[in-house]
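Step one of this worksheet: look at the structure below.
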Amino acid sequence: MLIDRRLGIFLAGLFVLVVVVPAGNLWLAGQPVPTYLVALIGKYLCYALLAVALDLVWGFCGILSLGHGAFFALGGYAMGMYLMREIGDRGVYANPTLPDFMVFIGWKQLPWYWWGFDHFWFAASMVLLVPGALAFVFGWFTFRSRVAGVYLSIITQAMTYALMLAFFRNEMGFGGNNGLTDFKDVLGYDLGGGGTKVGLMVLSAVALAAGLLLARAITVSRLGKVLVCLRDAESRTRFLGYRVEHYKLFIFTVSAMMAGVAGALYVPQVGIINPSEFSPANSIEIVIWVALGGRGTLVGAALGAILVALAKTLLTGWLPEVWLFALGAMFVLVTIGLPTGVLGALEGGLARTRRAPEPAEREA
Amino acid sequence: MSAPHPIGGLPTEALPQLYLDGVSRAFDGFKAINNLSLVIDKGELRAVIGPNGAGKTTMMDIITGKTRPDTGQVLWEQSVDLTKLDEADTARLGIGRKFQKPTVFESHTVEDNLALALKADRSPWATLFHRTTAAETARIDELLGLIRLGNLRDWMAGSLSHGQKQWLEIGMLLAQDPQLLLIDEPAAGMTDAETMWTADLLKSIAGERSVIVVEHDMEFVRALDCKVTVLHQGSVLAEGRLETVSAMPEVIEVYLGR
Ligand SMILES: Nc1ncnc2c1ncn2[C@@H]1O[C@H](COP(=O)(O)OP(=O)(O)OP(=O)(O)O)[C@@H](O)[C@H]1O
Ligand SMILES: [Mg+2]
């Protein structure tokens, strides 16, 4: 069944959010939902989509990617490039074609890889294509040479680290250290306006719902069952005639594209994208979201991302210096105390996890 | 799947299904397989015995493309060079393999285990849009009956007993509709009655398909009632009926000399 109970409940929750938040921000008297909260919720929803993307490869296929933040960041940069071009001559240097940072480092013309980003449709396709292509090429080499387990995790981590170093360089043409920022509007809508913020938040909710449905459709299909086969018994799967590397490549690429979409929606809501999004710690945090929420459940991953992000917002407000310790402690406690994650514990509390009956006496 | 290859005017039945000649494979200088030659006819049931470390599993690794031999020839139906293929290729060609340690997909149901093994297009695209057909369900029913797991079809495979997993794995092999089955130690962990029943099952499979069975349990091998190959230090020590080979001094020495 495509929409099971847990997904149904979660989607219903998202729907309520999509109704309540815009109403509370735009139409109700006294604005019970302040605009900063709208942007915050939108940001959480992007994280949730990113977590679903990681759960697809880690939860269902056993690929522990410690570099998923890279796909998120690349999607974010693609969107950021469009937003930079949208600024036009409203920048500090009022240059109609060159973004401020390029004028600042003395560039005279737009590098070729910035061409086309003044069109939204082009940037939107790059949001999917760039992370997808990187995942495809990366997966092509690693899965074919049967790199798996810890080695694969380390290589994914190295990938995002290398990208971070590259994007830090001014000569790369992506704004170096500062990244891309000072965006003005998206598709003509003022990014500072409350209406735009609400629109982006609703779009994030729709993207999360679509991502969950897509992920669910994949995992309940026979292909999804094959993914679980190769997660649990890769060799057995090969000996049944399945080309394991093709399956990994498929799901890794789909997942990377989903992460790219999350990044693209994230950037206009936070107003900046810089190389720190590539930092290895970010990618590890995604893993924590998924583990905490419940690996291999999709909805759990989304829930985990939202809960941790919420805790982070609250804790960094009250006690910024303990946040990292709190995150570590949460992770340790959940892995020890709630092996099936928060979602598993929630559902287990409602009904004892159904177990297979004891083997019956076999006829001799 | 396998079209007959009428080479040299021989009748099809006389063609070997599998042909190994002078195969060797060393691991860090240690020859796990040493100049091994073996011919399996179409439809033949063959038992392979030998002490621990004789190279039985490694032989299966070589046939299925998991391990590449250093030297020697491995031919399928006298035409396909198996040393050039990998596990998925050999599976698609028609070689099914049961592992020494029974391996089924523990977090799938018994039914799904069989469904995933059914002969079909294995590409991601095909599996993504796959819809179960009535013919597939009928075939699964048939297999469930054959391996006697009919009343457990909705069970998680992980909750099966050791013996049931062995049968399920054999059922998965049959679902692939292979020409050759390689069965590594099927009787391990089975009661005497189960062992005998498994021997009957394998005997009923042979004939239509070729079967190679590796087993330590001599009662089981006796029940198979077929030609036996004794492997020792990576090569064939003796070949013949079980009564004949077990009376040979060199075989007795290998088994008692340990
Ligand atoms: N991949 C490998 N790397 C190193 N040594 C190996 C490898 N595979 C097999 N061997 C060695 O080759 C020898 C033969 O092993 P193999 O598993 O084929 O024996 P076997 O006849 O199946 O034994 P058993 O009855 O215990 O299953 C053993 O000494 C084993 O250690
Ligand atoms: Mg063995």
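None of the values given here were measured: they were computed from a predicted structure. Note on naming: letters A, B, ... go to the chains in the order of the sequence lines (proteins, then strands), and numbering restarts at 1 for each one.
- Chain A forms more heavy-atom pairs under 4.5 Å with one residue of B:Gly65, B:Ser107, B:Ala115, B:Pro124 than with any other, namely B:Pro124.
- Between B:Met172 atom CE and A:Phe239 atom CZ the span is 12.5 Å, to the nearest 0.5 Å.
- With respect to the salt-bridge test (charged N to carboxylate O, under 4.0 angstrom), the residues B:Asp89 and A:Arg238 do not qualify.
- The closest side-chain heavy-atom distance from B:His108 to A:Val228 is below 4.5 Å.
- Heavy-atom minimum distance, B:Asp86 versus A:Arg243: OD2-NH1, 3.0 Å.
- Heavy atoms of B:Ser123 lying under 4.5 Å from chain A belong exclusively to its backbone.
- Here B:Leu118 contributes atom CG and A:Arg222 contributes atom CZ; the two are 6.5 Å apart, rounded to the nearest 0.5 Å.
- Looking at heavy atoms from C-beta onward, B:Leu116 lies in side-chain contact with A:Cys229 at the 4.5 angstrom threshold.
- Annotation for B:Phe129: atom CZ counts as buried by contact number, over 12 foreign heavy atoms lying within 6.0 Å.
- Contact tally against chain B (heavy-atom pairs below 4.5 Å) for A:Ala217, A:Ser235, A:Gly224: the top residue is A:Ser235.
- A 4.5 Å side-chain heavy-atom check between A:Phe250 and B:Leu128 finds at least one atom pair inside the cut-off.
- Taking the side chain as every heavy atom from C-beta outward, B:Arg122 and A:Leu240 approach each other to under 4.5 Å.
- Among all heavy-atom pairs drawn from A:Tyr242 and B:Ala88, the shortest one is O-CB, 3.8 Å.
- Most heavy-atom pairs under 4.5 Å with chain B: of the set A:Leu249, A:Val244, A:Thr237, this distinction falls to A:Thr237.
- In terms of modelled atom types and a separation under 3.5 Å, the side chain of A:Arg236 and the main chain of B:Val104 share no donor-acceptor contact.
- More than 12 heavy atoms of other residues, nucleotides or ligands sit less than 6.0 Å from atom CG of A:Asp4.
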